[in-house]
Amino acid sequence: RYEPLLSETGTKTVDVSEESPLPDGLTREELELPTSSEPELSRHYTRLSQMNWSVETGPYPLGSCTMKYNPSFTEDVAADPNAAVHPERSEETIQGTLELLAGLQDYLARIGGMDAVTLQPPAGAAGEFTGIHVAKAYHESRNDDRSEVIVPASAHGTNFASAAMAGYDVVELPSGEDGRVDLDALEAAVSEETAALMLTNPNTVGLFERDIVEISEMVHDAGGLLYYDGANLNALLGRARPGDMGFDVMHYNVHKTFATPHGGGGPGAGPVGVREELAEFLPRPRVREQDGQYELYDPERSIGKVHGYQGNWLVLVKAYAYIARLGDSGLEDASAKAVLNANYLAEQMEYDIPYGPFHHEFAATAGDRDAADVAKRMLDYGVHPPTTKWPEFVPEAMLTEPTEAEDKTSLDDLAAAFNGAISDSEEELANAPSKTTAQRIDQATAARNPRLSWHALDEQ
Amino acid sequence: RYEPLLSETGTKTVDVSEESPLPDGLTREELELPTSSEPELSRHYTRLSQMNWSVETGPYPLGSCTMKYNPSFTEDVAADPNAAVHPERSEETIQGTLELLAGLQDYLARIGGMDAVTLQPPAGAAGEFTGIHVAKAYHESRNDDRSEVIVPASAHGTNFASAAMAGYDVVELPSGEDGRVDLDALEAAVSEETAALMLTNPNTVGLFERDIVEISEMVHDAGGLLYYDGANLNALLGRARPGDMGFDVMHYNVHKTFATPHGGGGPGAGPVGVREELAEFLPRPRVREQDGQYELYDPERSIGKVHGYQGNWLVLVKAYAYIARLGDSGLEDASAKAVLNANYLAEQMEYDIPYGPFHHEFAATAGDRDAADVAKRMLDYGVHPPTTKWPEFVPEAMLTEPTEAEDKTSLDDLAAAFNGAISDSEEELANAPSKTTAQRIDQATAARNPRLSWHALDEQ
Amino acid sequence: MTDAGRHEHVDGTPYAPHTPAETAAMLDAVGVDSEADLFDVPEAVQFDGDLGIEKRSERELRSELSETFARNDDLTEFLGRDHHTHYVPSVVDDLSQRAEFLTSYTQYQPEIAQGFLQALFEYQSLIAELTGLPVANCSMYDAASGLGEAARLAGRVRSVSGTRVLVPELLHENKRAVLDNYVDGTDLAVATYPMDDGNVDVDALSALADNETALVYVENPTVRGTIEEHLGDVGEITDEAGALFCLGTDTAALGLLEEPESVGADVVVGEADALGVPTAYGMGLGLLATREEFLRQVPGRLVGASEDASDRRTYTLTLQTREQHIRKERATSNICTNQAWVALRTAMHLAWLGPDGLVDLGNQCVQEAASLATELNGIRGVKAPVHDRHHFREFAVRTDQPAPAIAEDIEAGGCAVHVLDDHLLQVCVTDVNASRTDELVDAFEEAV
Amino acid sequence: MTDAGRHEHVDGTPYAPHTPAETAAMLDAVGVDSEADLFDVPEAVQFDGDLGIEKRSERELRSELSETFARNDDLTEFLGRDHHTHYVPSVVDDLSQRAEFLTSYTQYQPEIAQGFLQALFEYQSLIAELTGLPVANCSMYDAASGLGEAARLAGRVRSVSGTRVLVPELLHENKRAVLDNYVDGTDLAVATYPMDDGNVDVDALSALADNETALVYVENPTVRGTIEEHLGDVGEITDEAGALFCLGTDTAALGLLEEPESVGADVVVGEADALGVPTAYGMGLGLLATREEFLRQVPGRLVGASEDASDRRTYTLTLQTREQHIRKERATSNICTNQAWVALRTAMHLAWLGPDGLVDLGNQCVQEAASLATELNGIRGVKAPVHDRHHFREFAVRTDQPAPAIAEDIEAGGCAVHVLDDHLLQVCVTDVNASRTDELVDAFEEAV
């Protein structure tokens with residue numbers, strides 16, 4: 001079904017300089033935009049929504065993305081009109097808002113084993129950017145000039161990019177044979193130039209870094225800091241805490257771990273937790289309680305700001321509501337079920353899984369088949385495929401993370417799709433998908449000849 | 001795609017007498033119900049919704065049903081937590097609620113040209129039931145014993161049923177040759193037994209009863225009352241009012257005329273308006289303003305109650321919001337566009353339309369094709385078909401009401417579906433629909449062997 | 001200030017999509033100069049005045065109505081009596097308000113309405129589970145109209161010879177008033193039977209129920225909140241009298257209390273929306289379930305399972321020959337538009353609770369009522385509960401001081417309760433207000 | 001009181017669907033006794049304490065958080081300064097909150113994500129219409145991070161030789177602070193240029209902008225609400241200096257004010273969520289649009305049109321080799337999760353307004369500001385506006401009495417305004433609060 005573009009159902013050009021009370025030179029000449037009534041828009045977006053996969057459509061086992069169920073009630077909580085305040089209101093007049101922020105900071109600190117938390121970073125990558133800047137400020141405060149950040153080869157691309165944005169050289173650490181950090185390689189990489197090692201634990205194939213205490217010692221002995229990428233925190237809730245493992249700085253991905261909806265790309269939130277010594281470098285302003293009143297204050301040696309205001313407020317509210325709904329036992333159970341689901345699903349799949357024991361996610365290999373083609377074929381089985389061809393050290397990787405939100409039947413169906421797709425013929429794979437809204441999309445041409453707006457379509 | 005029943009994803013039996021603090025004899029032995037988690041329910045109902053046509057999916061031209069766009073904002077208004085009060089709260093504590101009810105009564109009285117309005121009837125048919133009871137009480141108050149209600153053959157089935165429920169004999173009035181009331185036939189039908197004539201205007205094929213003044217005189221001269229069925233009021237907003245035509249009692253269908261969502265069958269609301277002399281018979285309690293305070297009171301000769309409380313509150317709020325959003329000019333324009341749309345669509349259709357000039361709806365005839373089959377075939381063109389085989393005096397009727405919510409393009413598409421379907425082969429019609437979630441459904445077997453719950457499926 | 005959206009319709013409806021150019025083209029195609037030319041209304045009955053309804057923008061209206069509703073006082077409600085509130089989870093709002101459900105019509109084309117039809121089939125099935133009766137319709141308007149329809153159903157059942165409808169002396173006055181209108185126009189007549197300490201007076205009922213009796217209506221819980229202890233007896237009495245046994249109850253109570261079928265109920269009515277709809281000023285959902293043998297006499301819509309042309313399981317409205325659009329004046333009822341969307345919500349809420357949740361909710365209703373009654377009974381000049389029975393959610397309270405004055409003082413203290421009589425109040429406690437009973441107890445203590 | 005839903009998980013998460021039997025079967029299939037056996041965590045780093053987070057039911061939490069937020073004072077806000085509020089129609093909430101949009105992920109499988117991709121393509125197209133620039137990305141976090149990314153983009157553009165980023169002396173302090181962090185780690189350095197009565201001081205800028213300049217940032221409207229009158233001059237100055245011209249603006253202003261492309265802007269940044277998101281404590285949507293020639297240097301996601309195997313029009317994420325998940329440390333930015341859902345809302349709001357609505361909204365912003373300034377200026381001891389310019393939405397106000405004390409009194413009178421300085425306030429008026437300016441004027445009169 002073809003859904004016309006907004007522009008294809010009619011546009012109108014308004015003579016702006018004519019319509020405006022402003023002098024001509026201060027306005028645009030004219031404005032052309034689509035002109036759609038509310039009934040037309042309702043149908044347009046309703047139909048578009050029906051052409052889109054989501055957590056409420058079916059399983060979404062993208063490894064490293066933790067697409068779990070997003071509880072409806074958190075939307076209602078976030079929509080409270082009393083919570084809709086302008087960011088420059090005086091502190092005394094928004095005690096409720098500040099109380100929630102303080103409460104969420106406290107929850108996250110407990111969950112991560114951290115001493116202080118900022119909620120300002122608006123996404124995970126912004127959290128990395130913030131955390132690395134905090135580390136940088138820390139070293140600078142000690143007149144300790146360091147130029148490198150070590151990142152495992154299997155890490156998220158954002159780790160590399162965030163470190164580079166902060167001006168660091170990135171030292172890539174190859175994966176060990178067992179899929180974990182190779183202590184010898186780390187030994188070789190660590191030096192006086194090491195500002196930080198960025199690590200995900202469990203790592204991107206779901207393995208816990210068993211040598212984390214040694215790793216921590218090696219980095220700390222060299223004067224570096226240990227950074228925890230929170231992408232995989234859903235594996236460990238209530239069972240292990242980055243702070244207890246020796247991490248100095250961490251970010252949380254609330255749209256992964258704490259079930260805030262990902263909204264087709266965002267908004268997320270990437271709060272950053274730190275050990276006590278680093279708290280004074282956190283972004284300003286910070287929130288605290290003093291004698292029952294909540295207030296904002298600027299830490300002495302703050303790195304400044306990473307967002308115009310206090311980050312993605314609506315997302316933070318939903319994260320608070322989720323954490324409070326689950327409590328200790330619910331959080332622990334969420335991880336338990338996430339790990340059980342990954343292990344159960346793997347058990348039902350006729351795929352080689354080179355590394356283990358894994359926790360909430362695992363990298364199966366498509367072997368001699370093309371993982372991306374297998375994924376396209378899975379679409380015809382009515383499910384969303386896993387992350388493919390990543391991490392790179394697993395050949396034809398299919399990085400799978402079912403999350404705790406699927407039950408046995410759903411996982412059995414998912415396994416059937418995995419097993420069916422890999423057994424199908426090359427032709428079936430090449431022609432997949434065929435039962436979807438769109439058939440296989442030509443991404444190469446899209447990139448070679450970028451058409452990024454409806455004007456570009458006219459110009460073809 | 002088969003969506004499993006709730007029961008098919010697992011049930012659980014609880015030993016209730018065991019679980020309850022009550023003595024055994026006061027509880028049930030056990031309770032078996034489906035056991036679904038919130039994530040499972042979200043997917044279940046999201047998927048079911050995607051298997052359902054709606055106004056936001058596409059045109060819904062069911063004649064006599066007025067399926068127009070339902071503005072989103074009315075939902076938000078109705079969801080106001082301050083409006084969620086218990087129906088037995090004291091009047092002084094729910095002034096806002098009563099103010100809205102009084103305001104809606106006033107709006108409806110203005111629109112219908114009536115003197116007093118009750119909002120209590122929870123649906124159009126309940127409005128008929130109420131209105132006929134009011135008429136009955138009126139006659140009884142004058143010791144005027146009347147036994148008949150006259151209803152045109154083309155009227156809605158509810159007219160017959162409502163009159164019969166109130167204990168009246170129904171006198172069916174055949175349609176005149178021009179599709180309107182036949183004055184001679186009416187003359188013959190009217191008598192001292194006539195309690196009321198129930199009329200829709202424009203009638204069910206969209207024709208205005210041009211002789212309405214004469215009709216009114218004939219009925220009134222015989223001592224009967226004139227009842228207006230509001231189903232087709234969307235044709236006349238701001239241009240003609242039942243009260244001005246001589247009607248004594250009327251009901252409004254707010255889910256038709258005032259855009260409250262029909263919810264797959266209801267809830268609706270069927271407010272009833274009456275002339276001054278009939279006001280004292282309206283259901284109790286009524287709402288009025290006295291010195292700036294709103295209060296409830298029981299009319300002296302009230303017929304009593306037609307609903308446990310004050311009707312379908314949420315629906316009434318939405319109707320108020322819709323009317324206030326449109327105002328005089330918007331209401332008038334809504335009818336203008338509804339009538340224009342019907343006439344434009346008819347112009348594009350290659351169908352014989354035996355009666356005219358019509359207003360907001362028209363009865364096309366499928367001629368020598370089966371109207372129901374043509375409708376099924378229209379489903380394959382991706383639109384919802386019109387009401388079929390009704391009214392009965394039009395052979396193979398396709399009663400079509402596009403409403404004001406469609407634009408030219410949408411009507412052109414709809415006409416193409418009409419024209420395509422009627423030109424398709426008998427085989428194509430017999431096999432239709434084929435592109436829908438379900439193919440042609442066997443209704444005869446469903447009725448012959450009723451299976452009305454999942455238990456009935458087990459017993460097969 | 002004007003509304004900023006879609007200026008082409010500033011003088012018309014914002015909900016018609018026509019651009020001026022489209023309107024012009026359409027008028028042209030139809031062959032008229034203006035829409036007015038399409039109206040065939042005799043001049044004598046044309047309306048050329050103003051309705052006098054001021055148009056407001058969406059923003060203005062939201063603000064205005066928000067202010068209107070803010071004029072309702074913010075009271076903690078301890079109110080029940082045929083309208084009960086339990087916490088409705090957000091997910092019910094979220095899912096039921098999906099446009100495909102909310103803005104759909106009756107399922108006249110089942111091939112593109114399988115979603116709603118299946119949901120209604122599931123509703124019927126859930127009600128069948130709760131009542132033990134195999135035939136549940138898709139909804140009546142509310143408990144009162146359901147009772148009215150049950151009485152009329154009794155009048156249509158051939159095996160029933162009588163015309164008397166027996167209802168309890170303790171019955172919500174509104175329900176009685178609606179019933180009176182439903183039987184007006186039939187040969188049925190309503191009479192009452194006495195109660196004994198808030199339950200059926202079995203001996204009196206036994207004496208009254210004879211072969212002139214068409215239907216005996218009993219509630220569990222009763223309008224006083226008592227749990228009825230004599231349902232089995234009523235079943236026997238009605239069987240003997242050849243009358244129908246109609247049980248009034250609600251969905252929250254059905255999970256815990258005796259199963260209607262097992263005590264011999266022939267028809268079950270009541271408020272199904274005790275689950276599914278939060279307090280909405282009395283908007284309801286009429287439950288109606290009955291035995292297989294009365295299937296053809298059932299009012300309202302029924303969804304049945306069927307197969308489609310490719311033999312797959314499907315659902316469709318069925319047995320429509322009972323209904324007014326086919327049968328006209330010989331229909332089982334005039335009901336057409338019903339409460340389908342509320343039924344959808346109730347089914348969602350029931351499914352969300354599951355059997356454990358529903359039983360637990362029922363237990364809360366028993367325990368919270370008992371514990372609140374004990375607390376109130378400790379106040380000097382207050383006796384609670386009045387009836388020496390088990391209670392579900394609510395109970396009557398006797399006060400030494402005049403009840404209306406006490407209720408007013410309690411209102412001033414921020415709580416709302418029912419006044420039944422000069423020295424009789426009634427209070428209702430559910431999961432929604434149980435955490436705030438302290439406020440009520442305080443207000444009571446202040447008031448007496 | 002416990003929560004009545006789904007009792008099997010009373011000690012676990014309510015959002016995992018496992019029944020105890022399913023869990024047991026799955027553990028069995030995996031071959032372990034309990035979930036704990038699946039964790040490969042060395043004892044030394046196991047956590048066996050309590051987190052100390054109390055579990056609440058959904059009902060309890062909604063009630064608790066409703067009370068928390070009620071502790072915010074109910075003030076009429078006349079606040080702006082980089083965060084502006086316009087009325088967002090209900091339909092935007094309704095449609096954007098459909099689960100298929102809200103709970104979807106980044107469109108890595110475009111074949112089943114056409115809906116969101118098309119919506120983002122439309123967002124890009126709408127921004128292209130508003131700015132005149134052909135390349136708009138799918139979003140930055142907010143205006144501040146957008147400016148930071150624009151500066152870094154300037155640093156990557158080969159034709160630009162300088163490293164100085166020139167920003168106005170009147171610039172929101174937060175935006176400057178974020179920019180400072182974005183350029184930290186590059187060889188860029190930020191410097192300011194002076195303003196002349198709330199607009200760019202053209203002579204001064206001309207003197208400062210040399211071939212050491214990478215980027216000149218100008219706002220329209222400025223943070224003081226003035227409409228910039230010298231954009232054409234800035235275009236010429238930056239051209240001559242071989243620097244990029246970065247214009248900061250917002251979606252509501254773009255409908256009315258000069259088209260960025262036509263004044264020579266190379267990059268446009270700003271808050272796109274002035275349309276689409278109501279006040280949400282500063283949550284933003286960073287606009288970023290630029291010229292075709294800088295396409296490969298753009299940060300963030302881009303949606304492009306493509307064809308599928310049956311040659312039908314489709315959409316897909318494109319040019320991903322710029323991004324971190326492919327390019328790692330050589331990516332144009334680290335941005336991954338962005339504000340896509342906000343962009344969806346902004347597109348909906350723009351489409352709802354249409355060209356008439358958007359221009360009308362812009363005109364309101366000009367007229368209401370002018371008329372409120374006139375009213376305030378009539379109060380003794382108050383000068384408004386401070387700058388002799390045209391204003392958009394907001395303006396600075398000079399007070400004879402100390403501004404902080406006046407603002408506090410105004411707050412006590414129920415309104416919120418900005419304090420800029422000892423004798424300088426700022427007020428902002430839009431369609432949302434225009435009907436309540438009387439309250440502000442009264443509060444002002446009381447306060448001074």
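All values below were derived from every heavy atom in this structure, side-chain atoms included, with hydrogens, water molecules and symmetry-related copies excluded. The sequence lines fix the lettering, A, B, ..., with proteins before strands; numbering per chain opens at 1.
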Which atoms of [X] approach chain C - backbone, side chain, both or neither, heavy atom under 4.5 Å:
X	answer
E19(B)	both
N341(B)	both
V85(B)	both
A83(B)	both
P433(B)	side chain
Y2(B)	side chain
R47(B)	neither

- Message: Counting the benzene-type ring for Trp, do F129(B) and Y182(C) have ring centres under 6.0 Å apart?
- Response: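 Between Y182(C) and F129(B), which both carry aromatic rings, the centre distance is below 6.0 Å.
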
Does [X] reach the main-chain N or O of [Y] with its side chain, forming a donor-acceptor pair under 3.5 Å?
X	Y	value
H359(B)	D40(C)	yes
S306(C)	D442(B)	yes
T279(C)	A84(B)	no
N343(B)	V30(C)	no
Y60(B)	Y105(C)	yes
E77(C)	H86(B)	yes
N52(B)	E100(C)	yes
Q324(C)	F160(B)	no
Q118(C)	E3(B)	yes

Where does [X] contact chain B at under 4.5 Å (heavy atoms): side chain, backbone, both or neither?
X	result
E408(C)	neither
T337(C)	both
A128(C)	side chain
R301(C)	side chain
D180(C)	neither
A407(C)	neither
Q97(C)	side chain
A144(C)	side chain
R152(C)	side chain
V303(C)	backbone
I227(C)	side chain
A416(C)	side chain
P278(C)	neither
L95(C)	side chain

[Y]/[X] salt bridge by N-O under 4.0 Å criterion:
X	Y	result
R325(B)	E58(C)	no
D73(C)	R89(B)	no
K337(B)	E22(C)	no
D328(B)	K55(C)	no
D308(C)	R440(B)	no

Which one wins on heavy-atom pair count under 4.5 Å against chain C: [options]?
options	answer
T57(B), L326(B), T437(B)	L326(B)
Q310(B), R241(B), H255(B)	R241(B)
L379(B), L22(B), I111(B)	L22(B)
G264(B), A125(B), S410(B)	G264(B)
G270(B), A405(B), A375(B)	A405(B)
G268(B), A321(B), P34(B), C65(B)	C65(B)

Taking the side chain as everything from C-beta on, heavy atoms only, tell me whether [X] gets closer than 4.5 Å to [Y].
X	Y	answer
L100(B)	F69(C)	yes
N312(B)	Q339(C)	yes
K175(C)	K305(B)	no
E75(B)	L102(C)	yes
Q114(C)	I441(B)	yes
E29(B)	E258(C)	no
V45(C)	I212(B)	yes
D76(B)	R62(C)	yes

- Would you sort out whether W454(B) and Q124(C) count as a side-chain hydrogen bond (donor to acceptor under 3.5 Å, both in side chains), showing the intermediate values? CA-CA 9 Å; W454(B) 50 56; Q124(C) 292 175 179; over 6 Å; no

- Side chains of W352(C) and E38(B): do they bring a donor and an acceptor to under 3.5 Å?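 Indeed, the side chains of W352(C) and E38(B) share at least one donor-acceptor pair under 3.5 Å.
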
- Return yes if a side-chain donor-acceptor contact under 3.5 Å exists between T103(C) and H262(B), otherwise no.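 Side chains of T103(C) and H262(B): no pair found under 3.5 Å.
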
- Query: Does the pair D184(C) and K136(B) meet the rule for a salt bridge (charged side-chain N to carboxylate O under 4.0 Å, His left out), with working shown?
  - Reply: CA-CA 10 Å; D184(C) 180 37; K136(B) 189 175 177 183; 3.2 Å; yes

- Report the C-alpha distance between Y141(C) and H307(B) in whole Å, list the side-chain angles of each, state the deciding distance to 0.1 Å, and finish with yes or no for ring-ring contact (aromatic ring centres under 6.0 Å, His included). CA-CA 8 Å; Y141(C) 307 127; H307(B) 183 268; 7.5 Å; no

- Geometric class of the Y15(C)/Y69(B) ring pair [parallel <30°, tilted 30-60°, perpendicular >60°]: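 Y69(B) vs Y15(C) ring planes: tilted.
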
- Residue list, ring pair (Phe, Tyr, Trp, His ring centres under 6.0 Å) with Y309(B), at least two apart or on another chain: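 Applying ring pair (Phe, Tyr, Trp, His ring centres under 6.0 Å) to Y309(B) gives H83(C), H172(C).
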
- Task: List the steps and the verdict of salt bridge (charged side-chain N to carboxylate O under 4.0 Å, His left out) for R451(B) and E307(C).
- Result: CA-CA 11 Å; R451(B) 290 165 292 168; E307(C) 280 73 38; 3.2 Å; yes

- Query: If you look at every heavy atom in D333(B) and T13(C), which pair is closest and at what distance?
  - Reply: OD2-N, 3.0 Å

